[in-house]
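One structure is given below, encoded as C-alpha cells.
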Amino acid sequence: MASAKQDAPPQLAPPPPKPETQPQQVAAAAAASSSASAAGPPELEFDGTSFESANLASAKLVSLQPCEYDLQIRPDTLNSRHRVWFYFSVKGARAGQKVVFNILGYSKTKSLFRDGMAPVVCTSARPYWERMPPQSVFYYRSPRHNKDYVLSFPFCFERADETYYFAYCFPYTYSYLQRFLLALEHKALPCLHRELLCRSIQERRLDLLTISSPANLALDAAIRAGHAVGSPPAPEGAPPGTGPVAPRRVVLVSARVHPGESPASFMMHGLILFLTSEHARARELREHVILKVVPMLNPDGVFLGNYRCNSCGLDLNRLWHASMPGMAPTIHAVRELARQYTAHAAHAAARGGTPAAALEMILDMHAHSTCMNGFIFANLPEDLREMDSVTAFPRCLANQAKDFSSAGCKFDRDESKAGTGRRALSEMLPGVHCYTLEVSMFCAAQGNVRGEAYQPASYTQMGHAIGLALHECYCTAKGVVLGAPALGGHAAAQHDASSAAIAATATTALSGAATTAPAEAAATTAAPTVHGTAATSAFAASAFAASASTTASAGVGSAGVGSATRAAYFPARAARPMAGGTHSAPMVRGGSAWVGAGRVGGTGSAYSSVRCASRLSNA
Ligand SMILES: [Zn+2]
C-alpha cells in the first residue's frame with residue numbers, strides 16, 4: 001500500500017467514478033457484434049462505446065459449453081499500435097450464468113497480469129470497483145489465437161437485472177475530474193486558483209490549478225501577466241532578519257498524458273486534496289512554493305478510452321520537444337506556461353536583479369504496466385555534483401511513501417526517451433529538475449514479498465505522500481539544497497546524516513559509471529535498473545537483487561488455459577475462499593468518506609460462485 005509514514009490524509013479517497021454516458025457517442029453506440037446461436041442461454045449484450053473511457057471493439061460468442069466470448073480491444077484512435085486499455089459493460093446474463101471472457105489484441109507481451117494482477121469489476125447496483133481474484137485470471141500465449149497473448153478470466157453473474165462493468169484498471173474519467181474540480185472551486189479556497197489553460201482538439205478543458213498562499217497567488221499572477229515584480233515578501237512565520245528573500249519556488253505537477261494510466265489520476269487526486277487542505281505541512285508548503293497543477297494533460301484520450309494517444313493518434317509524451325499547437329495543443333500550452341517563468345527570470349537578470357519566482361521542478365505522473373512499486377525516472381546530470389539535488393526529491397518521497405522503491409528509480413540520458421516531458425523540458429529549461437513518477441498498476445513488492453494489490457485509496461495515499469515529500473524537500477532541513485534556500489539560507493545547510501550518506505554513495509557510484517564507456521556500462525552492470533547509456537545511482541544499488549527477484553517471480557496462471565484447467569474455473573462455492581495475498585479489502589461507505597473495510601462476511605456476495613469479487617459489508 002502506498003501510504004505516508006506519518007500523518008493521516010486530510011481526506012480519504014473518493015469512490016471510483018460510476019460509469020457515465022458519453023452523449024456524443026450514444027447514437028453510434030451499438031452492442032458489439034456477436035454470432036448468435038439458437039441453442040443455449042440468450043447472448044450477452046456488450047457495450048464498449050457508449051460511455052466515457054469505454055473501450056471494446058467487438059465481442060464474439062465462441063463456445064456454449066462452457067459459455068465463452070472472445071473480446072477484442074479497440075486500438076487507440078488513429079493509432080493501431082496501442083491496444084492495452086479495455087473498459088466495457090455486459091448485461092442480459094441469467095442469474096448464476098457462468099462465462100469465460102478472453103480479451104484479445106494486446107499490443108504488449110509483458111504484463112502484470114502474469115504476476116497476479118487482475119482486472120477490475122463493478123455493477124450498476126454496486127458501483128465500487130474491485131479487483132477480481134487473481135487465482136482465476138490467466139495471461140498466456142493462446143494457440144487458438146495465433147499464439148497471441150490473451151487475458152482469460154471466468155465470471156459468474158449473480159443477478160440478471162444488473163449491468164456489469166469490467167476494466168483494465170480503476171477508471172478515472174474526464175467528467176469525474178471536472179466534478180471534483182468544480183466542487184473544489186465552490187469551496188472558494190483562498191489558496192486555490194483554477195483556470196482554463198487551453199482547450200483540447202475536441203474542445204475539452206485543460207485545467208490549470210495554482211495552489212499557494214494568497215500572497216504567492218498574487219505574485220504568480222503578476223509574473224504571468226508580464227509585470228515587473230520585485231523580491232517576494234518573506235513567508236509567513238519566517239524569523240526576522242533572515243536576510244534577502246529568495247525567489248519563490250515553482251513546482252509544476254501533471255498527470256494523465258497517457259490516458260490508460262488511470263492510477264496517475266488517483267495520485268493526482270490525493271495530491272490536490274493534500275495541497276488544498278489545512279494540514280500544517282500543506283499550509284507551510286504553500287508559503288514557500290507555488291504549485292502549478294495540470295491534472296489531465298490528455299482529456300480527449302481519457303474520454304475516448306485510449307491507452308497512450310490523443311484524438312489524433314499521437315503519443316503526447318513523445319512530443320514535448322516540438323511546439324505543435326494544432327496537433328498537441330495541451331502540450332504546447334504547458335510548454336508556454338513554463339516559458340513564462342524563464343522569461344521572467346531572463347527579464348530579472350537583464351535588470352541585474354533576481355526573479356521573484358523560479359521554476360525548479362516538473363513532476364509528470366504515470367502508471368506502469370509491467371513494474372511494481374512507485375519509482376522515478378530522472379535525468380542523469382552532466383555534472384555529477386548535481387546528483388545531490390537531483391536525488392533530493394526521490395529521497396524525500398522514499399521517506400514518505402513506504403512502497404516508493406529507491407531500487408526502482410532510474411537515472412539516465414536515454415536517447416529513446418527524447419520527446420518525453422522529462423527529457424525535452426530539462427533541455428528546454430536548464431536547471432529545472434524534471435521527473436517522471438511511476439506507480440505500479442498492480443502493487444508494491446520487496447523481493448518476493450508482495451503487498452496487497454493497490455486500490456484507488458492506495459493511489460490517493462501516494463498522492464498525499466508526494467505532498468509530504470514536497471514539504472520535506474522545500475521546507476525542512478532534510479531536503480537537500482534545491483537552488484537557493486527558502487529562508488535566506490539557514491535551513492538548507494543542514495542535511496541529516498542519512499541524506500548525506502545516500503548522496504555520497506550516489507556520487508561515488510556515478511563517478512565510476514561515468515568513466516565507463518556506455519556499452520561497457522550496460523554490459524558490466526547487471527542491475528535491471530540500468531538502461532541504455534544510463535548509469536544507475538547507488539541510491540538504488542543496494543536493492544538490485546531484490547528488484548531482480550521481483551521481476552523473476554512466478555506469475556499466476558502463466559501456463560495458460562486449456563480444457564482441463566477450464567473445468568477448474570467453476571469450483572464449488574466454498575472451494576475458493578477469499579484468501580489473503582494480493583486481494584485487498586473491499587470499499588464500503590463510511591459516513592461521507594470511503595474507507596477500506598476489513599474482509600467481512602455479510603450477506604451479500606457480490607459475484608458469487610467463483611468468488612469473482614470480495615464480499616461487501618452491509619454498511
Ligand atoms: Zn505513461
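For ligands, and for the atoms within them, numbers begin at 1 and follow the listed sequence.
The aromatic rings of Tyr435 and Phe393 lie tilted to each other, with the angle between the two planes from 30° to 60°. Using bins of under 30°, 30° to 60° and over 60° for the plane-to-plane angle, the ring pair Tyr139/Phe113 lands in the tilted bin.
Residue Glu438 does not count as close to the Zn ion (ligand 1), with no N, O or S atom under 2.8 Å. Under 2.8 Å from the Zn ion (ligand 1) lies no N/O/S atom of His368, from backbone or side chain alike.
A 4.5 Å side-chain heavy-atom check between Arg423 and Asn379 finds at least one atom pair inside the cut-off. Counting heavy atoms from C-beta outward, Ser440 and His368 have side chains that stay 4.5 Å or more apart.
The atom of His258 that is an N, O or S and sits closest to the Zn ion (ligand 1) is ND1. Atom ND1 is the N/O/S atom of His366 found closest to the Zn ion (ligand 1).
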